[in-house]
Asker: 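Quick one: the structure is below, questions incoming.
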There are 2 protein chains.
Amino acid sequence: MNLKNLSIFANGSDRFFETLDKESQTSKHSKGKMLFLHEDDAQSFFLIKSGWVKLFRETLDGSQSVVDILSAGHIFGETAIFENDRYPYSAEVVEPAEIVSFPLSALKGEIRENNDFAFNMMSAMARYRRHQDRELEHRTIQNAPQRIGCFLLRLADQEQTGPVTIHLPYDKTLVASRLGMQPETFSRALSKLKAQTGIKIKGATIEMDSLNQLVEYSCAACSSEFPCKDLKAQA
Amino acid sequence: MNLKNLSIFANGSDRFFETLDKESQTSKHSKGKMLFLHEDDAQSFFLIKSGWVKLFRETLDGSQSVVDILSAGHIFGETAIFENDRYPYSAEVVEPAEIVSFPLSALKGEIRENNDFAFNMMSAMARYRRHQDRELEHRTIQNAPQRIGCFLLRLADQEQTGPVTIHLPYDKTLVASRLGMQPETFSRALSKLKAQTGIKIKGATIEMDSLNQLVEYSCAACSSEFPCKDLKAQA
DNA sequence: AATAAACATTGACTAAAGTCAATTCGAGAC
DNA sequence: GTCTCGAATTGACTTTAGTCAATGTTTATT
């Protein structure tokens, strides 16, 4: 994975990449490792080389809300720049991961000095905004089985017209929290989705004759068309 | 209202403000006026001088999801810059409003040419991200009465320690949709909130001896402390 | 002041999701 | 292969929110 090829870093200056190279630290972490806590003093932002990382917050009364669950190629912690250098969420490794850290100061400097880079980063922020908009919309409009259907569709190659196999990238309990439901609800909702669309489930593997079945079931309750445009833009 | 005083436009160049002045159009609209539709070709972004505007999307099966409801001093439609010049939502006036339109091109130009302005706009986007994060969190963790309590708290002056009076800024039906619930649910949830916190309700006016009652009821199910920091930052 | 239209509330019922407890399943340790 | 622990499922039940229909209330309009 080359930093320069990441869409978030497009338009970075040579000096920026030099600094990143020099000041980066790569480390491997196993499941459960806490990378930082909400409100921690922030010096670094992070890039996921492999594995999965959960971003979340906790409330006074003990419940947890999952902000996002990210995979290879995504960065996190970078928004601390705009939050008085404090992380706006906690970050935990949820599947064995290789993580690279970079100084926030380098990012801040590059934004200030390199206009194209800044514009590019704004595009990324706008894209994330759409992502969150969609989450909120789905939380409001879709029921549990529909949300799962949508989640599966977004894991798949949406160009595929024939039979499709999808693997859940992390524990079902985590998928449940990502979708804002209880594990029990997830389990029952997945059964219902199976009953209503004819998909086949074997542990973390889901098979179907065609994506169509899911599309009809889930995408009627979404304000965007299938296939999801935002997935292409990112690639 | 002076453009230069709006925090979103801080650091704008003189030339930028000249262009805005020259190319702006102000108009008054009554309730129900559609300003633009989701996916419309976008030429302008908008500033609310007075009144309220609802941003929303609709799904194939006819349900509506409210993205946000904005008041004086807020801009909208500006993110079309990053969406191939198409509006990412529909916009409708929900309380009689005075709206100023500006060419998106001017904004785009200023972002490209004025680094400080771009940085400032990124801060605004980051702030909005936190806003959405919170919405999603509350939708997951808080129940209907708690969400209403939180909504009321955010309408109030949170420094106040004595008796407080809050006026709902728009119809209860709209508040309901803003909070992601049905009007009937809103009505019942407000009664429950009244029963559990002792607030007094007269139509769109809500009174209480102190904000404390609401804080205890709602803020335990939130990952932020009371008072809400983000409200100060904006002022 | 009378009327209509939109908004708001209430009741009765249904549907969806959460909770708690009891098993069952399955991947890794030994 | 067997054991163990966490993950996943299932059942029974409760709570919460949505739906549909009826009825008040308010506000604007003539």
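None of these values were measured; they are calculated from a predicted model. Each chain gets a letter, A, B and so on, in the order the sequences are listed, and its residues count up from 1.
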Asker: What's the CD-P distance between A:Gln196 and C:dA15, to the nearest Å?
Answerer: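 A:Gln196 atom CD is separated from C:dA15 atom P by 13 Å.
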
Asker: Would you check if A:Ile69 and A:Phe56 make a side-chain contact, meaning some heavy-atom pair closer than 4.5 Å?
Answerer: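 Sidechains of A:Phe56 and A:Ile69: no contact.
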
Asker: Between A:Phe76 and A:Tyr89 (judged by ring centroids, cut-off 6.0 Å), do the two rings come close enough to count as a pair?
Answerer: no

Asker: Using atom types as modelled and distance alone, determine if a side-chain donor or acceptor of A:Ser71 lies under 3.5 Å from a backbone N or O of A:Trp52.
Answerer: no

Asker: Between B:Ser44 and B:Tyr87, which heavy-atom pair has the shortest distance, and what is it?
Answerer: O-OH, 2.5 Å

Asker: Looking at B:Arg127, B:Arg154, B:Arg130, which one forms a salt bridge (Lys or Arg N to Asp or Glu O under 4.0 Å) with B:Asp230?
Answerer: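 Among B:Arg127, B:Arg154, B:Arg130, the one that satisfies the salt bridge (Lys or Arg N to Asp or Glu O under 4.0 Å) with B:Asp230 is B:Arg154.
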
Asker: Taking the side chain as C-beta and beyond, is there a heavy-atom pair between B:Glu207 and B:Val164 under 4.5 Å?
Answerer: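 B:Glu207 does not reach B:Val164 side chain to side chain.
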
Asker: Measure from CG on A:Leu179 to P on C:dG18 and round the result to the nearest Å.
Answerer: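 Answer to the nearest Å: 11 Å.
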
Asker: What N/O pairs connect the protein and nucleotides 28-30 of chain D at under 3.5 Å? Give each pair on its own line.
Answerer:
none

Asker: Please collect all salt bridge (Lys or Arg N to Asp or Glu O under 4.0 Å) contacts where either partner lies in residues 88-97 of chain A, sequence neighbours excluded, each pair once.
Answerer: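 Sorted pair list: A:Lys31-A:Glu95, A:Lys54-A:Glu92.
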
Asker: For residues A:His167 and A:Thr165, is any side-chain donor paired with an opposing acceptor at under 3.5 Å?
Answerer: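 There is no such pair (donor and acceptor under 3.5 Å, judged by atom type) between the side chains of A:His167 and A:Thr165.
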
Asker: Taking CE from A:Met181 and P from D:dT9, how many angstroms apart are they, rounded to a whole number?
Answerer: 13 Å

Asker: When all nucleic acid strands are considered with a 4.0 Å heavy-atom cut-off, which category describes A:Ala189: base, sugar-phosphate, or nothing?
Answerer: nothing

Asker: Take a 6.0 Å sphere around NZ of B:Lys28 and say whether it holds more than 12 heavy atoms from other residues, nucleotides or ligands.
Answerer: no

Asker: Quick one: A:Gln182 CD to C:dC20 P, roughly how many Å, whole number?
Answerer: 10 Å

Asker: Does the separation of the ring centres of A:Phe46 and A:Phe102 fall below 6.0 angstrom?
Answerer: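 No, ring centres 6.0 Å or more apart.
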
Asker: How long is the line joining CG of A:Leu168 and P of D:dA8, in whole Å?
Answerer: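 The answer, rounded to whole Å, is 9 Å.
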
Asker: Can you tell me the distance, in whole Å, between the CD1 atom of B:Ile141 and the P atom of D:dA17?
Answerer: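 Between P of D:dA17 and CD1 of B:Ile141: 14 Å.
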
Asker: Just how large is the angle between the end axes of the helix from C:dA1-D:dT30 to C:dC30-D:dG1, five pairs per end, to 10 degrees?
Answerer: 40°

Asker: Please evaluate residues B:Leu104 and B:Gln43 with respect to the criterion side-chain contact (heavy atoms from CB on, under 4.5 Å), reporting the C-alpha separation (whole Å), side-chain torsions for both, the decisive distance (0.1 Å), and the verdict.
Answerer: CA-CA 6 Å; B:Leu104 276 171; B:Gln43 310 285 352; 5.9 Å; no

Asker: Check nucleotides 28-30 of chain C against the protein and report each pair of N or O atoms closer than 3.5 Å, with its distance, or say if there are none.
Answerer:
none

Asker: From CD of A:Glu95 over to C1' of D:dA7, roughly how many Å is that when rounded to an integer?
Answerer: 12 Å

Asker: Return the value, rounded to whole Å, for the distance between atom NZ of A:Lys192 and atom P of C:dA15.
Answerer: 10 Å

Asker: Is it true that atom CG of B:Asp41 has more than 12 heavy atoms of other residues, nucleotides or ligands lying nearer than 6.0 Å?
Answerer: yes

Asker: Could you walk me through whether B:Leu37 and B:Asp40 satisfy the side-chain contact (heavy atoms from CB on, under 4.5 Å) test, starting with their C-alpha distance in whole Å, then the side-chain angles of each, then the deciding distance to 0.1 Å, before giving a yes or no?
Answerer: CA-CA 5 Å; B:Leu37 292 175; B:Asp40 267 5; 3.7 Å; yes

Asker: Tell me the salt bridge (Lys or Arg N to Asp or Glu O under 4.0 Å) pairs involving residues 61-78 of chain B, sequence neighbours left out?
Answerer: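 As it turns out, the salt bridge (Lys or Arg N to Asp or Glu O under 4.0 Å) pairs with a partner in residues 61-78 of chain B, which skip direct neighbours, are A:Arg129-B:Glu78.
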
Asker: Check nucleotides 9-12 of chain C against the protein and report each pair of N or O atoms closer than 3.5 Å, with its distance, or say if there are none.
Answerer:
unit_1: C:dT9; atom_1: OP1; unit_2: B:Lys172; atom_2: NZ; d: 2.9
unit_1: C:dT9; atom_1: OP2; unit_2: B:Ser187; atom_2: OG; d: 3.3
unit_1: C:dT9; atom_1: O5'; unit_2: B:Ser187; atom_2: OG; d: 3.2
unit_1: C:dG11; atom_1: N7; unit_2: B:Arg188; atom_2: NH1; d: 3.0
unit_1: C:dG11; atom_1: O6; unit_2: B:Arg188; atom_2: NH2; d: 3.3
unit_1: C:dA12; atom_1: N6; unit_2: B:Arg188; atom_2: NH2; d: 3.4

